[in-house]
Participant: 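Following this message is one structure expressed as structure tokens.
First the proteins, then the strands, lettered A, B, ... as listed; each starts at 1.
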Amino acid sequence: GQQVMQIPQYQHVQEGEDFTTYCNSSTTLSNIQWYKQRPGGHPVFLIQLVKSGEVKKQKRLTFQFGEAKKNSSLHITATQTTDVGTYFCAGSGMNRDDKIIFGKGTRLHILP
Amino acid sequence: NAGVTQTPKFQVLKTGQSMTLQCAQDMNHNSMYWYRQDPGMGLRLIYYSASEGTTDKGEVPNGYNVSRLNKREFSLRLESAAPSQTSVYFCASSERGRTSGTETQYFGPGTRLLVL
């Protein structure tokens, strides 16, 4: 079955450093979504990528969807304490009935 | 709009007790989902309902039952709670987009369940 793998599981960075999390699927995806979950909170939708090779930016966050639509990355430039949380990728297969599959997430800690 | 609401926020059960987790959404979404979240395991789908009147098993359905009461409400029932069901439970809803397979999920605040 479809699997979505995410690395790293944990990341500690100094405030101001950059951070990247990677997402890989065992099958081709129709789209990839990214969610953020603050400590004690619930996942909140950040963005969706649909096109092969697509790149989208939200302020200091850059999202990429691979050419083969099997991998994706989220890069945060100059991290701030407000970036603390767990970042999940989630993908859906090419069939219309395929359900969304979440990666296990990357937990980001910011060291002051 | 309240979005997705869940009750209760917290619950402590003894092994063997039963309970129902309630979820409601006011976004007129067709699809609703129940997930559990455990440390290091991410979000695992328990059951989902693609539309009113239909339910399907997800990745970890054993020990749970669901009811799609109407378009707004989707409940999750534990008939005989076990310590392995200690977890945080999230309900979510989505409206399938015009592009095949796209369905942004909106999550509720979660229910923290402890089974002793």
Participant: Side chains of A:Phe102 and B:Glu59, heavy atoms from C-beta outward: is any pair under 4.5 Å?
Facilitator: no

Participant: Please find the pair of heavy atoms, one from A:Gly41 and one from B:Phe90, that lie closest to each other, and give the distance.
Facilitator: O-CZ, 3.6 Å

Participant: Would you say B:Leu13 and B:Leu76 are hydrophobically clustered, going by side-chain heavy atoms of ILVMFWY under 4.5 Å?
Facilitator: yes

Participant: Would you name the heavy atoms of A:Phe88 and B:Leu43 that are closest together and state the gap between them?
Facilitator: CE2-N, 4.5 Å

Participant: Using only non-hydrogen atoms and a strict under-4.5 angstrom cutoff, which residues of residues 65-73 of chain B touch chain A?
Facilitator: none

Participant: Is any residue of residues 108-116 of chain B within less than 4.5 Å of chain A by heavy atoms, and which ones?
Facilitator: B:Gly108, B:Pro109, B:Arg112

Participant: What's the separation between atom OG in B:Ser94 and atom CD in A:Gln33, rounded to the nearest 0.5 Å?
Facilitator: 8.5 Å

Participant: Is it the case that more than 12 heavy atoms not belonging to A:Lys104 sit under 6.0 Å from its NZ atom?
Facilitator: no

Participant: Using the test salt bridge (Lys or Arg N to Asp or Glu O under 4.0 Å), find all partners of B:Arg44 that sit at least two apart in sequence or belong to another chain.
Facilitator: B:Asp38

Participant: Regarding B:Gln37 and A:Gln37, do their side chains bring together a donor and an acceptor under 3.5 Å, going by distance alone?
Facilitator: yes

Participant: Is it the backbone or the side chain of A:Tyr10 that comes under 4.5 Å from a heavy atom of chain B, or both, or neither?
Facilitator: neither

Participant: Sequence neighbours left out, cut at 3.5 Å: what donor-acceptor pairs do the side chains of residues 105-112 of chain A make with other protein atoms?
Facilitator:
from: A:Thr106; atom 1: OG1; to: A:Pro8; atom 2: O; distance (Å): 2.5
from: A:Thr106; atom 1: OG1; to: A:Thr21; atom 2: OG1; distance (Å): 2.8

Participant: Taking atom CZ as the centre, does A:Phe45 end up with more than 12 heavy-atom neighbours from other residues, nucleotides or ligands that are less than 6.0 angstrom away?
Facilitator: yes

Participant: Which bit of B:Tyr106 comes within less than 4.5 Å of chain A, counting heavy atoms only: side chain, backbone, both or neither?
Facilitator: neither

Participant: Can you tell me how far OH of B:Tyr48 sits from CD1 of A:Ile100, rounded to the nearest 0.5 angstrom?
Facilitator: 13.0 Å

Participant: Side-chain heavy atoms nearer than 4.5 Å, only ILVMFWY residues, links allowed to pass through others: does that put B:Tyr33 and B:Phe107 together?
Facilitator: yes

